[in-house]
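The structure appears below as structure tokens.
All values reported here derive from a predicted model rather than from experimental measurement. Values below: all heavy atoms of this structure, side chains included; hydrogens, waters and symmetry mates excluded.
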Amino acid sequence: MLVYAKVIVDVPTGGTDRPFDYYLPEALAENASKGMRVLVPFGQRKLTGFIVDIVSETKLEKVKSVSELLDLTPVLNNELLRLGEWLATETICFQITAFQSMIPAAMRAKAMKKLSLLSKREKLPMNVQALFGQADEVDWAQVPADARLLRDIRNEAEQGHLTMKYALKDQAKHRKVKAVVIQRYETPPATEKQKQALLFMAEQYGEGELVAIQILMKQAAISRSVVNTLIKNDYLQEKEIVIDRNPYTDAEEDGNEEKATLTSDQTDVLAKVKKNITQSQATPMLLHGVTGSGKTEIYLQAIDQLMEAGKEAIVLVPEISLTPQMVERFKKRFGANVAVLHSALSVGERFDEWKKIQEKRVQVAVGARSAVFAPFTNLGLIVIDEEHESSYKQEEYPRYHAREVALWRSRYHDCPVVLGSATPSMESYARAAKGVYELLSLPERVNQKPLPDIELVDMRLEMREGNRSVFSTSLLEKLRDRLKKGEQSVLFLNRRGFSTFVMCRNCGYVGMCPHCEISLTYHQRDGQLKCHYCGHEERLYERCPSCESAHIRYFGTGTQRVEEELQQLLPEARIIRMDNDTTRKKGAHERLLKNFGAGEADILLGTQMIAKGLDFPNITLAGILAADTLLHLPDFRAQERTFQLLTQVSGRAGRDEKAGEVVIQTYNPEHYAIQLAQSHDYLSFFKKELGQRKQAGYPPYYYLTLITFAHPNYATAMKAGEHAGRVLRSNLGEDAIVLGPTPSPIARIKDRYRCQCMVKYKDEPALTELLRELFTYFQKEIQQDQRFITIDRHPNMFM
DNA sequence: AGCACGCCGACT
DNA sequence: GTCGGCGTGCTC
């Protein structure tokens with residue numbers, strides 16, 4: 001008899017990062033299985049947890065019982081349980097953290113404590129009575145931590161007047177709507193309207209069929225009060241039904257879109273992908289195709305075929321290119337057979353989409369990073385589009401890279417992975433060059449059009465000629481030309497390295513965050529200075545806090561300021577600005593793009609978010625206002641990122657019949673990343689950059705691991721770093737290089753000093769275990785995201 | 001993480 | 001003498 005459940009409880013600390021044994025009462029044992037969430041007693045509390053195993057015996061003398069099963073079917077199947085284990089091991093995090101990140105937020109239920117009244121409230125002391133007011137239950141989190149009150153509560157509980165109840169935190173799950181069903185229709189109702197409504201119900205839906213009231217009202221053109229009367233007089237019965245939220249109501253879901261005719265290059269590539277799918281080869285393939293070469297069409301057709309064979313597919317897309325356009329394309333092709341998962345959806349919407357996958361109502365999942373955990377059981381293909389994108393790496397625990405998870409799942413399912421990009425990451429292209437990945441390429445655009453001409457504008461010369469504007473003469477002239485012809489332009493401004501800080505022109509004082517080693521950013525919208533790391537805010541001072549001069553100036557170029565300048569230079573231009581400010585509201589991103597697509601504006605000005613995915617035929621000019629901003633960041637990937645970005649933005653122009661043109665403004669026109677982007681020469685860039693990486697000892701020649709220590713006391717952080725450095729140096733092989741500890745680039749965040757060690761290595765099988773030991777050793781305070789030690793394997797960011 | 005247990009300083 | 005500070009250690 002299998003009567004004991006091994007449970008990982010929802011306590012993310014070192015001491016509890018292992019299974020705990022619980023007895024499964026008979027009533028539960030029958031329905032319990034691995035991967036289900038449960039409610040269990042743990043110390044004085046009740047917690048949620050995951051059953052990771054069910055066994056017949058336990059070594060413990062006394063065990064507590066599982067209180068409740070929270071699922072009817074497991075939320076984590078066997079594959080995902082194993083994947084979670086692997087994830088925790090590889091990324092050095094807790095099991096529970098790995099599991100939680102694999103399921104939708106709506107299912108990450110926390111047990112909530114509620115204080116509940118058992119006897120007449122008059123019997124209670126006044127302070128406790130005041131706490132309850134008119135209610136019978138009080139949320140424990142709302143109870144103030146007043147010693148006297150807490151003592152009184154405990155007293156009353158001992159006397160049986162109060163008790164603690166555990167409820168699951170109310171999470172938006174299924175969406176329920178009111179619906180009606182015919183109850184009787186022999187005796188005709190009183191009014192004409194009611195007769196009409198009932199007749200409509202009977203004819204359209206018949207007996208026993210539930211119809212949402214909203215829908216009935218619309219279809220039968222009757223008001224709510226008619227329905228209410230019918231319900232009141234027992235003609236109709238009111239019930240609740242569960243429906244899917246449909247976040248993409250605009251998308252047509254006909255699922256009949258014609259397949260595009262493929263070029264011969266595309267046909268070849270598709271054949272290779274199909275071959276690996278049908279032969280169940282867990283081969284990673286790198287699809288290197290220039291912008292506009294029709295990579296998506298290949299994914300679509302490959303998926304078409306595997307769906308017929310009853311298999312399933314995951315398509316990962318970077319968050320910012322998961323635009324309605326992109327989603328619509330999949331919906332048009334596969335109709336209701338697609339689930340879409342991304343962060344703009346509400347918690348409830350995501351849950352619905354996830355449920356579609358789990359219940360096998362769809363065969364395709366399209367989504368951002370976390371969609372790689374889609375609970376399919378018969379995967380035939382995983383696609384990672386724009387595989388070089390840094391957003392595939394999660395920047396919090398578990399710090400996984402979706403590419404590595406995809407490769408793990410591909411080996412589990414014996415299915416191929418396709419990594420697609422116009423500018424593959426150095427790591428991936430190097431693997432393809434070595435034959436670890438199968439290299440596929442699409443060197444030409446589908447429309448046979450050449451890639452757009454790119455003009456480099458040397459901003460130093462502009463400056464020398466007296467042009468102090470953000471816009472070069474040439475770019476401005478081209479913008480005017482497009483305006484005249486009624487064609488559209490996109491302008492790209494990279495905000496990174498461009499934060500608008502405030503400086504006193506008299507004494508040079510710069511507003512800094514009092515808690516972080518970083519300058520404050522000026523937000524024009526509300527006139528506040530804000531810290532981007534800890535959220536600290538203060539009002540913009542009228543006089544310099546240091547010298548009391550009134551000569552305060554904002555430096556840097558925000559999109560707002562560029563917009564203002566552009567509007568002055570081109571008063572007749574209709575401009576749409578897209579940045580964090582204008583797209584914060586739900587659906588705003590969508591709406592702005594739609595307006596631009598409909599020709600309601602001439603110029604689209606934006607940040608990162610416009611670099612990809614937009615595919616409008618009338619765009620004939622793309623401008624990059626400052627190509628160098630990325631180039632000089634203290635990051636070994638700066639050149640790679642610059643090349644990628646320039647190539648992506650250039651790809652926005654001339655995707656249709658009209659030829660496209662690109663202007664890149666730069667202070668470093670001779671830099672190889674910029675030169676080679678101009679000549680559309682990925683391969684030369686790859687070779688040149690590879691040499692640089694080899695020389696400096698960076699990926700793909702070395703793997704990296706970054707260990708950060710953060711503590712209110714600088715010396716404590718440094719001491720920990722030194723200890724870690726010693727341990728690593730004495731335990732790793734000769735090839736490994738351990739750097740540091742050195743103060744982190746941002747030396748203080750939220751009043752905690754930060755220092756870091758960097759490990760560069762080639763082959764260190766023991767490193768994972770060593771890191772785990774360090775992690776456990778330094779496992780101290782964790783408050784929110786503030787941990788003493790943070791280990792980031794294969795880091796993307798070094799701040 | 002919580003929560004209890006436990007061992008020292010300042011109050012009814 | 002007690003209350004209550006928060007260091008330590010455990011939770012099946």
Side-chain angles (χ1 to χ4, degrees), chain A residues 1-26 28-29 32 34-70 88 92-101 108-115 125 127 138-158 162-169 396-398 710-713 716 775-790:
Chain A
M1 271 295 274
L2 300 173
V3 286
Y4 296 102
K6 293 200 171 285
V7 175
I8 301 284
V9 294
D10 187 9
V11 183
T13 52
T16 50
D17 189 30
R18 62 190 169 84
F20 286 80
D21 294 359
Y22 286 92
Y23 177 69
L24 273 169
E26 219 170 304
L28 301 182
K34 272 164 78 168
M36 279 183 187
R37 293 170 308 148
V38 286
L39 197 63
V40 291
F42 195 70
Q44 308 300 305
R45 303 177 290 164
K46 271 197 183 163
L47 298 174
T48 55
F50 290 85
I51 301 181
V52 289
D53 208 356
I54 297 180
V55 294
S56 58
E57 51 186 28
T58 176
K59 284 176 188 154
L60 298 164
E61 291 199 353
K62 48 180 180 182
V63 291
K64 292 184 183 174
S65 297
V66 172
S67 310
E68 244 179 89
L69 297 178
L70 299 179
I92 329 286
C93 77
F94 305 120
Q95 287 275 40
I96 190 70
T97 312
F99 290 151
Q100 299 283 29
S101 72
R108 281 171 231 161
K110 288 245 184 238
M112 261 216 334
K113 272 201 332 190
K114 282 190 173 167
L115 194 60
N127 57 347
V138 183
D139 194 343
W140 184 250
Q142 306 297 313
V143 177
D146 174 69
R148 171 88 179 280
L149 180 63
L150 294 180
R151 194 177 57 233
D152 288 346
I153 289 172
R154 193 192 292 183
N155 261 329
E156 296 306 308
E158 275 167 20
L162 295 175
T163 191
M164 205 67 95
K165 279 189 181 169
Y166 292 87
L168 283 182
K169 199 167 168 184
E396 58 189 63
Y397 277 115
H711 196 271
N713 184 333
T716 310
F775 183 70
T776 310
Y777 182 79
F778 286 114
Q779 184 57 54
K780 289 178 188 163
E781 57 228 271
I782 309 172
Q783 298 137 359
Q784 296 121 43
D785 56 339
Q786 301 195 16
R787 341 168 86 90
F788 182 45
I789 181 172
T790 305

Mark yes or no for whether A/Asp21, through its side chain, and A/Tyr4, through its backbone, hold a donor-acceptor pair below 3.5 Å.
-> no

Rounding to a whole Å, what distance do you find between A/Gln44:CD and B/dC3:P?
-> 9 Å

For the pair made of CD1 in A/Ile96 and P in B/dA1, what is the distance, rounded to whole Å?
-> 14 Å

What is the distance from CZ of A/Phe20 to P of C/dT11, rounded to the nearest Å?
-> 7 Å

Short side-chain to backbone donor-acceptor contact, A/Lys6 and A/Arg18, under 3.5 Å | no

Reckon A/Tyr22 touches a base, only the sugar-phosphate, or nothing at all at heavy-atom distances under 4.0 Å?
-> sugar-phosphate

Base, sugar-phosphate alone, or nothing: which one does A/Val11 contact when heavy atoms must sit under 4.0 Å apart?
-> base

Among B/dA1, C/dT11, B/dA4, the one nearest any side-chain atom of A/Thr13 is B/dA1

Close aromatic pair by centroid cut-off 6.0 Å: A/Phe788 and A/Tyr777 = no

A/Leu39 atom CG is separated from C/dT11 atom P, nearest whole Å, by 19 Å

Taking the side chain from A/Ser65 and the backbone from A/Ser67, do they hold a donor-acceptor pair closer than 3.5 Å?
-> no

Within the structure shown, what part of the strands sits under 4.0 Å from A/Pro41 by heavy-atom distance: base, sugar-phosphate, or nothing?
-> sugar-phosphate

Presence of A/Arg45 side-chain N/O under 4.0 Å of B/dG2 phosphate oxygens OP1/OP2 = yes

For the pair made of CZ in A/Phe42 and C1' in B/dA1, what is the distance, rounded to whole Å?
-> 10 Å

